Amino acid sequence: MTRTPLRPLARILQARSNGENPDAIERENLRIRHEQMRDKARVRAEGRLLVIGAMFFCAFVVIGARMGLLSATEPSEPRARATGASIIASRADITDRHGRLLATNMETHSLYAHPQQMIEPLRAAKELKAIFPDLDEERMIKDFTDEKRKFLWVRKKMSPEQMQAVHDIGEPGLLFGPREMRLYPNGAIASHILGGASFGREGVDSAEVVGTAGIEKYFDEELRDPAREGAPLELSIDLTIQAATERVLDSGMRLMNAKGAASVLMDVHTGEILAMASLPDFDPNDRPRPPTNGSPSDSPLFNRAVQGVYELGSAFKILAASQAMELGIVTPETIIDTRPPFRVGGHAIGEFEGHNYGQISVEEVIMNSSNRGTGKIALAIGTERQKDFLRRLGFFDPVPLEMVEAPGGKPLIPQRWTDLSTVTISYGHGLSATPLHLAAAYSAIANGGHLVTPTLLKRKGTSYGDTVLSEEVAANARHMLRRVVKDGTASFGDVPGYHVGGKTGTADKPREKGGGYYKDKTITTFASMFPAEAPKYVLIVTLDEPVETSGPKPRRTAGWTSVPVAAEMIGRIAPLLGLRPEYDMGEVTNVTLARQ
Amino acid sequence: MRTMLYVTTFLGLIGLAFWAYRENYQTQAALDHVADLHGDIADARARLAILKAEWAYLNRPDRLRELSEINFERLGLLPMRPEQFGKVDQVSFPHVPLVVTDAIEVTSANAAAADEELWP
């Protein structure tokens, strides 16, 4: 670009010669130059504005197009995923403490009918009757030939063989829908704990499986939660031990002619229930309907261990003795006068079969199961302190177990807690509780005085609650319980190799309609712990209306009924629990010294 | 020179476009494969669940007990009892008499004679 000088010499000279002011030329040129510079700057600025405007326009178009696209298209999952984590919609399994299946799901099919599509409804009904004998043929013919019916269920679930047979009928109006059903592979084992499941809302393509009782109902939400990703629910139950327990309890119940039986095996340090049985039981795969008449406690659905509220008899005596020792009222050697008469509130307190044990120590009171001795100890403790102790042991509330039936096991306590109540409750009459309550209370004695809460879920490590007894008192109480088995009322409870400690309890059954007790119906309980020196497990065995008839007179006491059953049970399950038997020295025979 | 630059750039562009096209289709194929695998995994899980249920059903304690009773004569299985526990020193090891068949002379009773044989 050629630059025009501000003072061109030719024009200056010409202007000078003309007598004009040459500065005017310079100013004129300066003005022209400034105008040119201004025009150039404007063009450049306009260009920049255009570029910026174009960029903004593009940006807004892109954003707008993206927004429009997002709002107009169907949402979809991203196809590429880092992990294979998938949502598992089926109900979670339930396993025992070693991971063995207790409840799982099975894919099966349901059968439904579209009568308007049927070609030969009469033949279909006849063939279906042949496959499923429990169906009503008349009813099916009526439904299949009904003009108004467009849809009906025939079977909720069926086996693959049955499905093939129905398929072979070749009727286009019979259709299958997929179904997921709950399966309990072990049958009746642990049936009361598991409860059962049934179908909730049902559609043709699927149905939701909902728990109807037991732990299935208690953990219904958790088991159905897809976020679990199918992680199984681990229970504290041990399948092997549960099976052995039920087997022994069943034979014991038959042998003792009892109408029902219950047992609870609990770890005294963690509160885990390893086995809990109630007989008669049922198959959760085919859960019976609740009874419409008669006593609900006679139904197989009734869980005697959790719901059965019974007077547990003399098994309570150790609680009174422990509390008295804890309060420093007595020591195991304190002499108690158990001679008659002993009257409280106008009632004479008697002993079993009118015995008179004379003046005996507290230890012998427990060993011989003296009502008068325990009653006197309870009076020394006093009503308020007794109530407080029993409340802390949990005898006033239902056990907070993870089952929907648990709140049904609310103990029955007297309305007015008189001195007579204090005395009778000390030997287990007048207060009704479940075997599970007793297991929790005995665990406190067994583990050195710490409360534990029974649970059906697998736990890690000990879970001690409040301390109710000192270590020394608990040890003394355990020693007394060991004496009961060694020399007292539970002598049948001695299992060679395992030092069992425990206390029997026999209570007359109260009449259903009130008015006293039956003379010939009892509830017998044996509450035991083993090994007695440092107990690991508490076992409660309760029999309902047992009679032992080997002697000249029918025997109905716990020592003759529950105790032998419990002893057999401990002999069976203790090796399975991995407990080494310890024999007293001197029993080793046929061993000669290698060196003289 | 300038023409050469234009040609190379254009060829490079075509090459990159082809590469991007191929990568895109390979990714699509991989995603389809993953989707198939997910389907297979779901099938395998369902099959595994059935097998587990069958295994649990075949191993149910009632059945095992019945089997052990049926096969009692052959197997002689009984429930475990405390008496079956023992200590090692209670085990009476069978007394096996020591029979020497291929004896080797290691005593020094005939050492002098042997020496003479070796070092005459």
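Quick caveat: nothing in here was measured; it's all calculated off a predicted structure. Convention: sequence-line order gives letters A, B, ...; per-chain numbering from 1.
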Distance, nearest 0.5 Å, that separates OG1 of A:T240 from CE of B:M80: 10.0 Å
Chain B contact via A:L576 - which portion, at a heavy-atom distance below 4.5 Å: both
Heavy-atom proximity to chain A below 4.5 Å, by part of B:R63: neither
Separation of B:N59 CG from A:N186 CG (nearest 0.5 Å): 9.5 Å
For chain B, the option from A:L183, A:L101, A:I573, A:V495 that forms the most heavy-atom pairs under 4.5 Å: A:L101
Structural part of A:Y498 lying under 4.5 Å from a heavy atom of chain B: side chain
Sorted by number, residues from residues 530-538 of chain A in contact with chain B (heavy atoms, under 4.5 Å): none
Pick from A:N105, A:T104, A:I189, A:I570 with the largest number of heavy-atom pairs that fall under 4.5 Å of chain B: A:I189
Region of A:L102 that comes under 4.5 Å of a non-hydrogen atom in chain B: neither
Greatest number of heavy atom pairs closer than 4.5 Å to chain B - which of A:M106, A:R572, A:R100: A:R572
Rounded distance (nearest 0.5 Å) linking atom NZ of B:K52 with atom CG of A:D93: 7.0 Å
Structural part of B:A30 lying under 4.5 Å from a heavy atom of chain A: neither
Derivation and outcome, salt bridge (Lys or Arg N to Asp or Glu O under 4.0 Å), residues A:E246 and B:R65: CA-CA 13 Å; A:E246 288 189 15; B:R65 184 164 51 231; over 6 Å; no
